[in-house]
Number of protein chains: 4
Amino acid sequence: MSTSADTSENGDLRRRILDTARHLLVKKGYQNLSMRKIADAIGYSATSIYLYFDSKDALLHALIHEGMMQLQDGLSETAADRPDAPVERLQALCRTFIDFGLENPEYYEIMFQLRPERMERYPPEKYRQARNNLDVFSRALEEGEEQGVFEVDDPRVLTSTIWASLHGTVSLLLAGRVDARIDREAFIDVAIQRTLQGCQRTPSSA
Amino acid sequence: MSTSADTSENGDLRRRILDTARHLLVKKGYQNLSMRKIADAIGYSATSIYLYFDSKDALLHALIHEGMMQLQDGLSETAADRPDAPVERLQALCRTFIDFGLENPEYYEIMFQLRPERMERYPPEKYRQARNNLDVFSRALEEGEEQGVFEVDDPRVLTSTIWASLHGTVSLLLAGRVDARIDREAFIDVAIQRTLQGCQRTPSSA
Amino acid sequence: MSTSADTSENGDLRRRILDTARHLLVKKGYQNLSMRKIADAIGYSATSIYLYFDSKDALLHALIHEGMMQLQDGLSETAADRPDAPVERLQALCRTFIDFGLENPEYYEIMFQLRPERMERYPPEKYRQARNNLDVFSRALEEGEEQGVFEVDDPRVLTSTIWASLHGTVSLLLAGRVDARIDREAFIDVAIQRTLQGCQRTPSSA
Amino acid sequence: MSTSADTSENGDLRRRILDTARHLLVKKGYQNLSMRKIADAIGYSATSIYLYFDSKDALLHALIHEGMMQLQDGLSETAADRPDAPVERLQALCRTFIDFGLENPEYYEIMFQLRPERMERYPPEKYRQARNNLDVFSRALEEGEEQGVFEVDDPRVLTSTIWASLHGTVSLLLAGRVDARIDREAFIDVAIQRTLQGCQRTPSSA
DNA sequence: GATGAATGAGCGTTCATTCAT
DNA sequence: AATGAATGAACGCTCATTCAT
């Protein structure tokens with residue numbers, strides 16, 4: 001009796017839970033994200049969520065995982081499109097990262113803004129995997145150094161400071177803390193430009 | 001009945017509430033800051049807090065205000081100590097900002113990491129005042145430009161991107177997201193150095 | 001404006017909570033004793049209970065303590081009334097113990113029938129105090145031995161077995177497990193008589 | 001499709017449910033016995049249990065019944081081994097009863113410690129059957145009386161008081177209420193000895 | 001014969017807040 | 001100026017049970 005349209009209905013609720021959790025998270029904040037509220041929003045009982053997730057933590061972990069995957073996909077694609085131009089590639093990666101944050105504030109918050117004490121025990125192995133998101137930046141830097149355009153002292157440290165700048169940019173924008181008189185695009189452009197500038201081989205070091 | 005010793009008693013409890021709230025906030029975290037706990041810690045009833053603050057939100061706003069003031073004091077002092085050296089001053093300001101964040105993590109959170117739509121009604125006028133913290137950075141940049149050491153296109157934008165870098169640095173460190181193998185001090189030093197580097201007049205632009 | 005009748009109103013609710021908890025406990029059992037049910041029964045909110053007791057455990061502990069005190073009082077009085085007649089005294093103590101159990105099934109259950117795993121952390125010091133209830137039995141036995149009417153090998157063990165018999169008698173009666181055709185009073189009498197018989201100096205040991 | 005090996009499959013799952021429930025009961029306690037946990041442990045869905053038992057109560061009743069049978073078997077065997085020695089037999093029966101309780105504590109609880117008004121609807125007919133466990137004690141007493149070693153006034157009452165002593169002994173031990181300084185075995189031995197002593201024909205009554 | 005999906009009721013507990021005094 | 005008493009709402013989570021398939 002079932003039509004082909006029914007096929008995906010099995011995991012459907014799981015999807016809706018994840019999506020709703022994401023939306024509530026960004027709209028109301030971590031503190032106001034409760035199992036009941038998620039359930040109410042999708043018109044199910046709170047109990048039903050436990051059919052798909054062992055606990056609230058497990059649900060959030062799944063959310064983080066999804067976000068990490070999505071970001072990784074975006075960065076990989078960005079990198080793959082510019083195989084031989086590390087500078088351009090690095091710039092594009094910065095843009096992709098910032099865009100991801102601005103377009104997916106829900107994901108961004110649980111991925112990067114929750115303090116570990118708040119949400120416990122996200123498996124360290126997954127955090128490590130998450131950190132792999134940075135590797136694509138590191139590779140661009142190293143290739144750029146080989147080509148003589150970047151000056152990379154300690155790639156790990158440098159990559160992390162780049163990440164910090166991008167993260168700060170996204171965070172301030174998401175928090176609505178940037179002076180309203182500043183043009184958003186200009187702000188992002190300058191931020192990226194300054195980020196790259198900090199990596200480039202300085203004339204004196206040539 | 002009141003003697004001169006009583007003079008300060010009027011606002012005394014208010015002071016103690018704020019101090020205790022701050023301590024609890026920093027020591028136990030935002031999640032564990034409750035009216036009851038504050039009251040218990042000072043040996044008053046929870047009800048008493050409402051004599052001095054309309055609500056928990058109001059108390060938090062006062063706390064944010066205090067934090068802003070404290071940060072402003074720190075930054076002002078840092079600036080005052082280096083009246084004629086804008087580069088050195090900017091560097092010191094960055095250091096002061098980062099140190100403030102690292103030493104007052106929960107303070108930092110309510111000041112910079114709470115999203116306005118969640119922490120409602122923090123008076124916009126206070127937000128504006130908060131942004132004044134940035135002015136001291138702007139002044140250093142402008143003086144540096146006058147001295148020919150900085151290249152400042154749009155001071156407002158530039159200041160904001162500096163702030164973004166510092167904020168990203170503090171945030172990642174507080175969130176424990178920086179690779180454990182990276183030396184914390186080295187990370188901060190590189191972050192600051194790169195932040196400054198992005199402001200300096202490049203030879204080509206001379 | 002308040003009359004003298006109001007004086008005791010302060011601890012009144014606490015009393016009502018304890019009483020209600022006791023009644024619900026015996027009527028519905030430990031598993032069905034919830035803070036909400038207690039609150040509902042007295043027409044207060046569940047939260048109010050926490051004004052008088054730190055936790056469910058604390059409430060139960062208070063109940064146990066009360067029961068222990070009450071039993072101790074009864075036993076002490078029973079003993080004091082028969083200073084020079086250890087046999088008669090022991091018999092009366094048995095009767096008092098059984099009567100206490102039958103008349104206060106609520107107390108009896110939490111005092112003697114809850115397994116420690118179920119209700120955690122009743123302070124060992126209090127359990128020890130509870131065990132003092134047995135001392136009054138031991139003293140009767142020892143005095144009886146001095147008078148040559150009891151034969152007491154190890155007073156501690158003997159006291160405990162007496163206790164076991166009494167406890168078994170009370171438990172079966174409370175659980176309604178004794179054959180309905182058996183006369184309740186006769187049963188108790190035989191139980192006590194047999195309990196005493198087991199302590200008496202046997203002719204062969206004379 | 002079914003082979004001869006399938007023959008026992010009909011009641012097979014019912015058996016496994018009962019066995020698993022028993023194991024969980026003994027290992028994890030009555031409080032932790034849930035339909036879900038039983039189902040998980042046997043790898044079936046919780047729903048499946050309802051194919052074999054109307055409710056959790058019904059399952060418990062079946063469990064009680066099994067326990068009764070098991071105890072009855074033990075007692076019968078104990079009795080059968082000592083056909084001509086009522087005293088020794090009675091002693092062995094006491095031992096068997098106590099051992100059963102200590103070795104199957106949670107079994108013991110549902111069999112003897114649940115109050116009927118809480119565990120509703122356990123068929124009275126089964127309770128009666130349960131009481132048959134006592135008959136084997138009664139028979140020993142009666143045979144002992146015929147042989148002149150026991151003095152039995154009312155066998156029903158006497159048997160019940162014996163039972164009370166045994167039940168008290170088991171209950172206190174299971175509840176962990178016996179003074180830790182008392183040797184467990186010694187305690188049991190004395191308890192049994194005193195139990196027997198209360199039945200023996202006293203010289204004065206000869 | 002067996003299940004997956006779903007739920008309402010309930011648990012102990014914490015919270016910010018109100019109100020009469 | 002300060003409090004004790006009280007509460008409704010909410011939290012994450014577990015439970016026995018139902019029902020359509």
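All chains are named by letter (A, B, ...) in the order of the sequence lines, taking the proteins before the strands, and each is independently numbered beginning at 1.
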*Asks:* Let's see if you can work this out: which of E:dG1, E:dT13, F:dA6 has an atom nearest to the side-chain heavy atoms of D:Leu51?
*Replies:*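 It is E:dG1.
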*Asks:* Whether the side chain of A:Thr47 and the base of E:dG8 hold a donor-acceptor pair under 3.5 Å is what I'd like checked.
*Replies:*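 When only heavy-atom distances are counted, A:Thr47 does reach the base of E:dG8 through a donor-acceptor pair under 3.5 Å.
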*Asks:* When the nearest nucleotide of DNA chain F is assigned to A:Ala46 and to C:Ala46 on a heavy-atom basis, which residue is associated with the more 5' position?
*Replies:*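 Closer to the 5' end of DNA chain F: C:Ala46.
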*Asks:* Using whole Å, report how far OH of C:Tyr50 lies from P of F:dG8.
*Replies:*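 About 16 Å, once rounded to whole Å.
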*Asks:* Minimum heavy-atom separation for A:Gln70 to A:Asn104, with atom names?
*Replies:*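 Shortest heavy-atom contact: NE2-OD1, 3.6 Å.
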*Asks:* On DNA chain E, does the nearest nucleotide to D:Arg36 precede the nearest nucleotide to B:Arg36 from the 5' side, or the other way round? Give the residue.
*Replies:*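 Residue closer to the 5' terminus by nearest nucleotide: D:Arg36.
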*Asks:* Starting from C1' on F:dC11, measure out to CD1 on A:Ile38 and report it in whole angstrom.
*Replies:*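 Rounded to the whole Å, the gap is 12 Å.
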*Asks:* Give me the atom names and distance for the closest heavy-atom approach of B:Leu24 to B:Leu33.
*Replies:*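 Here B:Leu24 and B:Leu33 meet closest at CB-CD1, 3.8 Å.
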*Asks:* To the nearest Å, how far apart are D:Arg16 CZ and E:dG1 P?
*Replies:*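 Atom-to-atom, D:Arg16 to E:dG1, this comes out as 16 Å.
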*Asks:* Give the minimum heavy-atom separation between D:Glu106 and D:Tyr30, together with the two atoms involved.
*Replies:*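 Looking at all heavy atoms of both residues, the closest pair is OE1-N, 3.3 Å.
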*Asks:* Does F:dG12 have a Watson-Crick or wobble mate here (both distances under 3.5 Å), and if so which one?
*Replies:*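 Matched F:dG12 with E:dC11 under the 3.5 Å cut-off.
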*Asks:* Without decimals, in angstroms, what is the distance between C:Tyr30 OH and E:dG12 C1'?
*Replies:*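 In whole Å, E:dG12 C1' and C:Tyr30 OH are 11 Å from each other.
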*Asks:* What is the distance from CZ of C:Phe53 to P of E:dT14, rounded to the nearest Å?
*Replies:*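 About 16 Å, once rounded to whole Å.
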*Asks:* Between E:dT13 atom P and B:Asn32 atom CG, what is the distance in whole Å?
*Replies:*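 Those two atoms, CG and P, are 17 Å apart.
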*Asks:* What nucleic acid atoms does A:Ser34 come within less than 4.0 Å of, heavy atoms only: base, sugar-phosphate, or nothing?
*Replies:*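 Sugar-phosphate only.
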*Asks:* Under a plain distance cut-off of 3.5 Å, with no hydrogens placed, do C:Tyr107 and C:Glu66 share a side-chain donor-acceptor pair?
*Replies:*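 There is such a pair (donor and acceptor under 3.5 Å, judged by atom type) between the side chains of C:Glu66 and C:Tyr107.
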*Asks:* Is there a side-chain contact between A:Ser48 and the phosphate of E:dA6, meaning an N or O under 4.0 Å from OP1 or OP2?
*Replies:*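 Answer is no, no contact under 4.0 Å.
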*Asks:* Remember a base hit wins even if backbone is also touched, and classify A:Ile49 as base, sugar-phosphate or nothing at under 4.0 Å, heavy atoms.
*Replies:*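 No contact at all - A:Ile49 keeps every heavy atom at 4.0 Å or more from the nucleic acid.
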*Asks:* Can you check whether B:Ile49 reaches B:Tyr44 side chain to side chain, under 4.5 Å on heavy atoms?
*Replies:*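 When only atoms from C-beta onward are counted, B:Tyr44 and B:Ile49 do not touch, as no gap falls below 4.5 Å.
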*Asks:* How would you label the contact of D:Leu33 with the nucleic acid (heavy atoms, under 4.0 Å): base, sugar-phosphate, or nothing?
*Replies:*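 Here D:Leu33 touches the backbone only, sparing every base.
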*Asks:* From the options F:dG8, F:dT17, E:dT13, select the nucleotide whose nearest atom is closest to the side chain of C:Met35.
*Replies:*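 It is E:dT13.
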*Asks:* Just how far, in rounded Å, is C1' of F:dA6 from CD1 of C:Ile42?
*Replies:*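 Distance check: C:Ile42 CD1 to F:dA6 C1' gives 12 Å.
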*Asks:* Just to be sure I understand the rule, does C:Tyr44 reach a base, reach only the sugar-phosphate, or reach nothing, if contact means heavy atoms closer than 4.0 Å?
*Replies:*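 Here C:Tyr44 touches the backbone only, sparing every base.
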*Asks:* Expressed in angstrom and rounded to an integer, what is the separation of C:Tyr52 atom OH from F:dG4 atom C1'?
*Replies:*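 Rounding to the nearest Å, OH of C:Tyr52 and C1' of F:dG4 are 8 Å apart.
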*Asks:* Tell me what D:Leu59 touches on the nucleic acid: a base, only sugar-phosphate, or nothing, going by heavy atoms under 4.0 Å.
*Replies:*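 Here D:Leu59 touches no strand at all.
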*Asks:* Looking at every non-hydrogen atom in both residues, tell me the closest pair between A:Phe53 and A:Arg14 and how far apart they are.
*Replies:*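 Here A:Phe53 and A:Arg14 meet closest at CE2-NH1, 3.3 Å.
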*Asks:* F:dC19 pairs with which nucleotide, Watson-Crick or G-U wobble, both distances below 3.5 Å?
*Replies:*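 Matched F:dC19 with E:dG4 under the 3.5 Å cut-off.
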*Asks:* When you check the phosphate oxygens OP1 and OP2 of F:dC15, does a side-chain N or O of D:Lys37 lie under 4.0 Å from one of them?
*Replies:*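 Checking D:Lys37 against F:dC15: at least one side-chain N or O falls below 4.0 Å of OP1 or OP2.
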